[in-house]
Amino acid sequence: MLYGRSAESAALDEVIARAREGQGGAAVLRGEAGAGKTALLDAAAGRGDAARVLRATGVEAESGLAFAALHQLLWPVTGALEELPAPQRDAVRAALGLAAEPAGDPYPLGAGVLSLLAEAAAPHGLICIVDDFQWIDRASAHALLFAARRLGTERIALLFAVRGDAPVPGVPLTVEVRGLPDAAAAELLRARHAVPSGVARDLVAATGGNPLALREIAARLTPAQLAGAAPLPDPLPGGARLFGDRVAALSAGAGLLARVAAVEADLDPALRATARLLSDGTGRAARCALAELEESGLAGLDGTRLRFRHPLIRSAVYEAATPAGLRRVHAVLAELTGGDRRAWHLAGAAVGRDERVAAELVAAARRARERGGYGSAATALARAAELTPEPGPRAVRLKDAAVAAWLGGRPGQAESLLAEARELPGTDTALALEIARLRGRFELNSGDAAEAVRILSTGDSLEMLADAAEAASYVGDTAALIGLGRRAAAHPPGSCGTRWPGSVWRWTATRPGPACCGGRWSGRGPAGPGRRRTICGRRPRRASWARRIWRPGWRSGPDGWPGCRG
Ligand SMILES: Nc1ncnc2c1ncn2[C@@H]1O[C@H](COP(=O)(O)OP(=O)(O)OP(=O)(O)O)[C@@H](O)[C@H]1O
Ligand SMILES: [Mg+2]
């Protein structure tokens, strides 16, 4: 099943349809590795009804072997050679190794190839597929392009696929095969894996919608990463299959610069680190490495940054490096950078737990949070937790990472971070209650409100009871509401800084016993389903909750959720 390729398929279908009517033509599919050129060719050939299909695929190892591709393509139809005029027949026979004499003049050969294809096109037309043209040997390429320019009245569709910018001269129609549109790429992912939309969005952005990359990466991710319960690895895996050979072809210096650039995009520290690692006092070797890397087309300068041409090239560079080699690169970069980048390089160089590095990451997380970068804060705090030696502080950092992940729109990750925090031996009662309240709030805001009632009812503070009551009012659980109201009533009057949802007041105010610190529900708004929507609609948006949750003393501070007059 091909996703998101209707325009490209229609272009190929038109070439084939016209060829079947006697207006032969050629087309080139052009795109990066894994873009889906072969898949498009196969699908087009499959739609060609009774048309005959001949195929040749360029093979890198045979690209120096004259006529290797022509041999592949024409071998099934050599029986028709006898129909060709003698000079053409002899030229083709020589090219295919069917005669003792070597191939000579290119003209009779080109003409002979065209004549043989025309014979093969009878009676229902012919689809000729020449895939991976960048590796087709030159002798075959000349003969095929000669034929492609003269298809005029033949019932032949000659379809080429080529990677990158390798030339296919003289073929006027080029169909660019780019990344899949976002929706189609997400559909491709979901056909095999149940990925939530946030994860699909990140994968599509990282791969540029390249179908091979999407499949490769998804196959290498853990179920938790696919489900969004764990962060995606950085860089993503799977680049080696697409770019591994080009990375491996770099010289030692350029390969080292690529490794440095994979973890530090800023050109100045990247060049200085490369020079230091190469023991290159003048920086000349590092500059040569840069020139080679640019020439290779794998990376290029973008202002003062060195950028890989595709995110998966970075992934391929990473996959080719050893862990010790990467740690060494990070260690040198940590000496040459400051602030957040230094913190991350220290973390990259760390072996085992290290409180000093963890504390630097916590500071980086704080700065990210102040900029509103909750996703980055979550990543930094989660890594800080990994590096934290003592289980108590580790649990707190995991909890903070969970809050940041939730505020950054990653609820699955938030839940698994909280689950991890809960299991640590350093989690004391107060922290356990705080974690329970967070779990309850997460459930209430983006999960299962009934589960939120269950979790939040485990606490006895007025804040948790109020949260539980809100969740209970959302699911219409009157029994829970009454019970929660009574438990709240047991707290001394005046002790409540919490604002209670309206329906709690409605239920508790009509039941025996004081509700909580003498408040009254305003009584506005409809009862029943309308009431549920009202309460749901009153939930504060993430941003406003974010402001409160990060405030010092949040744990015991008033919640301030709307819904009742206290
Ligand atoms: N539109 C699509 N929908 C679903 N799967 C696709 C689509 N396009 C390609 N694929 C799948 O992605 C993988 C890579 O596609 P394909 O082999 O056609 O790429 P390519 O452009 O020919 O790459 P290369 O340059 O390496 O030959 C294959 O498994 C293919 O089935
Ligand atoms: Mg291909």
Side-chain angles (χ1 to χ4, degrees), residues 1-13 27-48 53-63 68-69 72-73 127-137 140-141 144 158-168 174-195 200 203-204 206-221 236-249 297-298 309-313 315-316 319:
M1 165 82 186
L2 283 192
Y3 298 95
R5 291 296 189 210
S6 46
E8 295 84 349
S9 298
L12 294 182
D13 287 350
V28 179
L29 287 184
R30 184 180 290 285
E32 65 183 18
K37 304 176 293 295
T38 303
L40 275 163
L41 289 176
D42 288 347
R47 289 189 301 270
V53 179
L54 291 179
R55 175 186 280 274
T57 300
V59 181
E60 203 170 5
E62 291 186 1
S63 56
Q72 270 188 64
L73 188 79
I127 302 172
C128 251
I129 288 179
V130 183
D131 200 355
D132 285 330
F133 185 78
Q134 71 280 0
W135 290 323
I136 295 279
D137 62 276
S140 298
L144 287 168
L158 188 41
L159 307 178
F160 295 92
V162 65
R163 269 193 199 172
D165 13 289
V168 188
T174 297
V175 178
E176 297 286 348
V177 186
R178 300 201 166 87
L180 294 177
D182 291 1
E187 248 185 291
L188 184 155
L189 276 174
R190 293 216 181 87
R192 295 193 177 193
H193 312 275
V195 282
L203 292 179
V204 173
T207 56
N210 182 300
L212 179 65
L214 285 166
R215 292 199 161 167
E216 287 283 308
I217 292 172
R220 286 172 164 76
L221 294 178
L236 287 163
R241 169 104 185 261
L242 290 177
F243 297 106
D245 48 351
R246 291 174 66 190
V247 169
L298 292 172
R309 298 277 181 220
H310 193 286
L312 289 171
I313 299 178
S315 151
E319 284 170 16

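Whatever order the structure lists them in is the order used to number ligands and atoms, beginning at 1. Below, all heavy atoms of this structure are taken into account, side chains as well, without hydrogens, waters or symmetry copies. Small disclaimer: the values here were computed from a predicted structure and weren't measured.
Taking 4.5 Å as the limit, some side-chain heavy atom of C128 sits within range of a side-chain heavy atom of L73. Within the 4.5 Å cutoff, the side chain of L40 has no heavy atoms near those of the L159 side chain. Contact annotation: the side chain of P167 never approaches that of V162 to less than 4.5 Å [non-hydrogen atoms, C-beta and beyond]. Side-chain atoms of R30 and V168, non-hydrogen and from C-beta on, do get closer than 4.5 Å to each other.
For the Mg ion (ligand 2), protein N, O or S atoms closer than 2.8 Å were enumerated as T38 OG1, with waters left out.
Summarising the geometry of I136 relative to A69, their closest heavy-atom pair is CD1-CB, 3.5 Å, with the distance given to 0.1 Å. Closest approach of R309 to G297, counting heavy atoms only: CG-O, 2.9 Å.
For ligand 1, residues of the protein lying within 4.0 angstrom by heavy-atom distance are M1, L2, Y3, R5, E32, A33, G34, A35, G36, K37, T38, A39, D132, R163, L180, L188, P211, L212, R215.
Between T207 and N210, the side chains place no donor N or O within less than 3.5 Å of an acceptor N or O (distance only, hydrogens not considered).
Within a 6.0 Å radius of CZ in R220, more than 12 heavy atoms belonging to other residues, nucleotides or ligands are found.
Taking the six-membered ring for Trp and thresholds of 30 and 60 degrees, F133 and F160 have ring planes more than 60 degrees apart, a perpendicular arrangement.
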